[in-house]
Amino acid sequence: MGLDLKPLITSTPIKLAELSGKVVAIDAFNTIYQFLSTIRGPTGELLMNGRGEVTSHLSGLFYRNVNLLAENIKPVYVFDGKMHALKAQEIERRSKLKQEAVAQYNHALEEGRMEDAVKYGKRTSVLTDSMVEESKMLLAALGIPYVQAPADGEAAAAHLTKTGVAYASASQDYDSILFGARRLVRNLAASGRRKVPGKNTYIDVEPEIIEHDNVLKETGLTHEQLVDVGILIGTDFNPGGFPGIGPKTAIKLIKENGRLENVEKVKSQLAEVPYQEIRDIFLKPEVPKSDGVSFGEVSREKILDFLCVQKSFSTDRVAGMLDKLQKAQESRSQSLEKWFG
DNA sequence: CTGGGGCA
DNA sequence: TGCCCCAGG
């Protein structure tokens with residue numbers, strides 16, 4: 001599950017409006033996966049149309065992106081490419097957790113424990129090829145560009161921030177920082193309130209931004225050293241990291257010893273970890289060949305056909321959202337005309 | 001996750 | 001208004 005840099009990093013709350021006019025590179029799998037986990041019915045089931053086709057991902061993508069576009073934020077979606085062989089172990093671990101969750105979900109359903117069903121249902125999400133295709137179709141209809149990453153999507157998103165194509169990378173995971181993203185935006189969403197997993201309580205979750213330069217300044221580490229800290233804590237490429245070493249210890253060890261090879265405490269275990277290869281994944285990532293992205297117009301026709309005709313979304317709702325977006329865009333171009341005539 | 005309806 | 005809660009597909 002990504003890597004836990006949170007204790008080492010200070011983030012700054014940011015208003016959505018502060019991202020107006022800026023391009024934000026969004027990890028598509030990360031985002032769609034969250035929609036599949038969160039957007040569910042009262043018994044923890046995915047949203048589906050009459051033909052049993054899953055629509056949770058489309059619902060999330062539609063509402064989220066209309067809100068971003070209405071704020072004049074320019075999203076670029078980055079889709080994962082070929083998985084690195086070192087990630088196989090982490091994928092296997094997740095798949096086992098999913099299998100367990102499916103069993104617990106069915107069990108909870110049988111016993112009528114709906115709160116548990118919802119809880120376990122969230123953990124069973126599987127992202128299919130057709131969901132990816134449908135997501136791309138919807139993005140195209142919204143005029144939103146997407147990039148196919150050769151390898152890790154986070155790496156490609158980070159690259160877009162390095163080349164200046166994007167202002168920031170948006171993801172819930174901290175991997176972007178290790179991949180060298182200039183800025184990472186977390187909680188990029190419209191609504192400020194989120195329901196806490198178990199209870200009936202709500203917490204305020206606002207968008208926050210993490211600057212790569214600040215992370216280095218505050219920790220006093222180089223990018224290379226930060227990657228070593230990540231390897232000690234554990235990344236997707238060495239899940240779990242080194243036993244007994246958490247964020248605090250990891251940063252202390254690297255500050256004192258400069259680099260992984262010099263840390264006496266882990267020397268005996270180092271031979272079993274392909275740390276040089278993992279460093280290269282983060283420091284010399286495979287990136288997309290072409291950098292250009294171009295934004296298109298919102299196609300009301302295509303969206304209504306895809307979501308309402310094909311996927312049984314409510315025409316009133318979808319059209320209403322599109323009206324709202326159009327008004328936001330019109331009022332912006334009118335206020336520009338005031339200045340530039 | 002999000003919009004919208006019901007309600008203080 | 002603002003908050004809570006539920007349906008959406």
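Each chain gets a letter, A, B and so on, in the order its sequence line appears, and its residues count up from 1.
For the pair A/I26 CD1 and B/dC1 C1', the computed distance is 14 Å after rounding to whole Å. Atom pair A/R40:CZ and C/dG9:C1' shows a separation of 13 Å (rounding to whole Å applied). Between the CG atom of A/L307 and the P atom of B/dT2 there is a distance of 16 Å, given to the nearest Å. Distance, A/L58 CG to C/dG9 P: 12 Å, rounded to whole Å. Regarding A/Y63, its OH atom lies at a distance of 14 Å from the C1' atom of C/dC6, rounded to whole Å. Rounded to a whole Å, the CZ atom of A/R317 is 11 Å from the P atom of C/dA7. Rounded to a whole Å, the CZ atom of A/F62 is 10 Å from the P atom of B/dG3. The nearest whole Å value for the distance from the CZ atom in A/R186 to the P atom in B/dC1 is 13 Å.
Residue-level contact check: A/T55 touches the backbone only, with heavy atoms under 4.0 Å from sugar-phosphate atoms and none from bases. Across all strands, A/L46 comes closer than 4.0 Å to base atoms (heavy-atom distances). Within 4.0 Å (heavy atoms only), A/S314 reaches sugar-phosphate atoms of the nucleic acid but no base atom.
Side chain of A/F313, nearest nucleotide from B/dT2, C/dG9, C/dG8: C/dG9. The A/F35 side chain lies nearest to B/dC1 when the options are B/dC1, B/dG3, C/dG9. Out of C/dG9, B/dC1, B/dT2, the shortest distance to the side chain of A/N67 is found at B/dT2.
Judged by the 6.0 Å and 45° rule, A/K136 forms a cation-pi pair with A/F79.
Annotation: salt bridge (charged side-chain N to carboxylate O under 4.0 Å, His left out) contacts involving residues 182-192 of chain A, sequence neighbours excluded, comprise A/R182-A/D213, A/R183-A/E211, A/R186-A/E208.
Expressed to the nearest 0.5 Å, how far CD1 of A/I231 lies from CG of A/L3 amounts to 10.0 Å.
For the pairing with A/S171, the side-chain hydrogen bond (donor to acceptor under 3.5 Å, both in side chains) check across A/N30, A/D27, A/T31 returns one residue only, A/N30.
Residue A/R64 has a polar side-chain atom (N or O) positioned under 4.0 Å from OP1 or OP2 of B/dT2.
Between A/R279 and A/E261 a salt bridge is recorded (basic side-chain N to carboxylate O distance below 4.0 Å).
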